[in-house]
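This report concerns only the one structure given below.
Only a predicted model underlies this, so the values are computations on that prediction, with no experimental measurement involved. Below, chains carry the letters A, B, ... as their sequence lines are ordered, and counting in each starts from 1. What's counted below: heavy atoms across the whole structure, side chains too, no hydrogens, waters or symmetry copies.
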Amino acid sequence: MTNFSEHALEVTKRIPKGKVATYADIAKAAGSPKAARAVGSALRKNKNLIIIPCHRVVRSDGFVGCYSGKGDKTGLLVAEGVAVVNGRVELARYKCRLEQIID
DNA sequence: GCACTGACCGGTC
DNA sequence: AGACCGGCCAGTG
């Protein structure tokens, strides 16, 4: 596991229940604002899937995006109280500030 | 070390 | 508003 992955996963872990964060924001928090893709790669390859709420990570537009796991992110989000409409969430409502959850 | 891939983003058409 | 295109970055063969 590289430093970037660790950081990205660590941040993802801290996303509060019922909230979501964008890949771009996580990338920013990880140290590379443009590395949104890399964040996705890290989450896809990571083995800590069980301890990481990767389903709380959505795209900048609010679209849920893809998911390597079995269940679907959309369903999990709805189960946590995050309204998902047409495969997307209301960022204005559920997006959380990573700056505040990072120490 | 090069080249391809991918859970992406932003700007244009 | 919706679709398209190129460019990001890190990981893997």
Side-chain angles (χ1 to χ4, degrees):
Chain A
M1 196 67 78
T2 67
N3 190 284
F4 181 80
S5 323
E6 272 187 87
H7 215 307
L9 297 174
E10 179 64 34
V11 174
T12 306
K13 273 194 301 188
R14 304 196 185 191
I15 302 174
K17 179 171 177 284
K19 292 276 187 174
V20 299
T22 69
Y23 289 97
D25 280 345
I26 293 175
K28 203 182 299 181
S32 302
K34 308 275 184 147
R37 294 185 93 161
V39 175
S41 278
L43 289 175
R44 180 196 176 287
K45 243 301 185 178
N46 94 82
K47 303 300 180 202
N48 306 310
L49 183 61
I50 42 177
I51 62 174
I52 296 181
C54 18
H55 57 272
R56 292 182 192 148
V57 187
V58 299
R59 295 176 45 154
S60 342
D61 308 73
F63 281 90
V64 176
C66 301
Y67 189 56
S68 297
K70 300 184 178 182
D72 57 317
K73 290 166 75 171
T74 309
L76 292 168
L77 287 171
V78 174
E80 289 193 354
V82 179
V84 182
V85 183
N86 289 359
R88 58 179 301 174
V89 304
E90 291 182 69
L91 287 180
R93 220 154 98 122
Y94 303 108
K95 185 166 170 287
C96 71
R97 289 190 186 182
L98 295 181
E99 325 170 345
Q100 295 190 348
I101 66 177
I102 300 175
D103 243 339

Contacts of A:A27 meeting side-chain contact (heavy atoms from CB on, under 4.5 Å) (sequence neighbours excluded), chain-then-number -> A:A35, A:V39

[atom1] of [X] versus [atom2] of [N]: gap in Å, rounded?
X     : N      : atom1 : atom2 : value
A:Y67 : B:dC8  : OH    : P     : 14 Å
A:F63 : C:dA1  : CZ    : C1'   : 11 Å
A:D72 : B:dA7  : CG    : P     : 16 Å
A:K73 : B:dC8  : NZ    : C1'   : 11 Å
A:R44 : C:dA10 : CZ    : C1'   : 14 Å
A:R88 : C:dA1  : CZ    : P     : 9 Å
A:N48 : B:dA7  : CG    : P     : 19 Å
A:N86 : C:dA1  : CG    : C1'   : 14 Å

- Query: Any chance CZ of A:R44 has more than 12 other-residue heavy atoms, nucleotides or ligands included, within less than 6.0 Å?
  - Reply: no

Are there any protein N/O atoms within less than 3.5 Å of an N/O atom in nucleotides 7-9 of chain C, and if so, which ones and at what distance?
{"residue": "C:dG7", "atom": "O6", "partner": "A:R37", "partner atom": "NH1", "Å": "3.0"}
{"residue": "C:dG7", "atom": "N1", "partner": "A:R37", "partner atom": "NH1", "Å": "3.3"}
{"residue": "C:dC8", "atom": "N3", "partner": "A:R37", "partner atom": "NH1", "Å": "3.0"}
{"residue": "C:dC8", "atom": "N4", "partner": "A:R37", "partner atom": "NH1", "Å": "3.3"}

Would a hydrophobic clustering, with Ile, Leu, Val, Met, Phe, Trp and Tyr connected at side-chain separations under 4.5 Å, put [X] with [Y]?
X     : Y      : value
A:V64 : A:V57  : no
A:V20 : A:I101 : no
A:L76 : A:V78  : no

For this session: Report which part of the nucleic acid A:S5 touches: base, sugar-phosphate, or nothing (heavy-atom distance under 4.0 Å, all strands).
Result: sugar-phosphate

Residues of residues 51-61 of chain A with a heavy atom under 4.0 Å from any atom of DNA chain C, listed by number, are none

Shortest non-hydrogen pair, A:A8 vs A:I26, comes out as O-CG2, 3.9 Å

Between A:D72 and A:Y67 the two heavy atoms that sit nearest each other are CA-CD2, 4.3 Å

Would the distance check show the side chain of [X] and the main-chain N or O of [Y] forming a donor-acceptor pair, the cut-off being under 3.5 Å?
X     : Y     : result
A:N48 : A:I51 : no
A:S5  : A:M1  : no
A:R56 : A:I15 : yes

Can you tabulate the close N/O pairs, meaning under 3.5 Å, that link protein atoms to atoms of nucleotides 11-13 of chain B?
none

Of the listed B:dG6, B:dC9, B:dA7, the closest approach to the A:A24 side chain comes from B:dC9

When rounded to the nearest 0.5 Å, the distance separating OG1 of A:T22 from CG of A:L91 is 7.5 Å

Here the gap from A:Y23 atom OH to A:L43 atom CG, rounded to the nearest 0.5 Å, amounts to 6.5 Å

So, do A:F4 and A:S32 sit near enough that their side-chain heavy atoms are less than 4.5 Å apart? yes

Applied to residues 19-40 of chain A, the salt bridge (charged side-chain N to carboxylate O under 4.0 Å, His left out) test, sequence neighbours excluded, yields A:D25-A:K28, A:D25-A:K95

Base-pair string, DNA chain B, Watson-Crick plus G-U, cut-off 3.5 Å on both distances, | for inter-strand, is .|||||.||||||

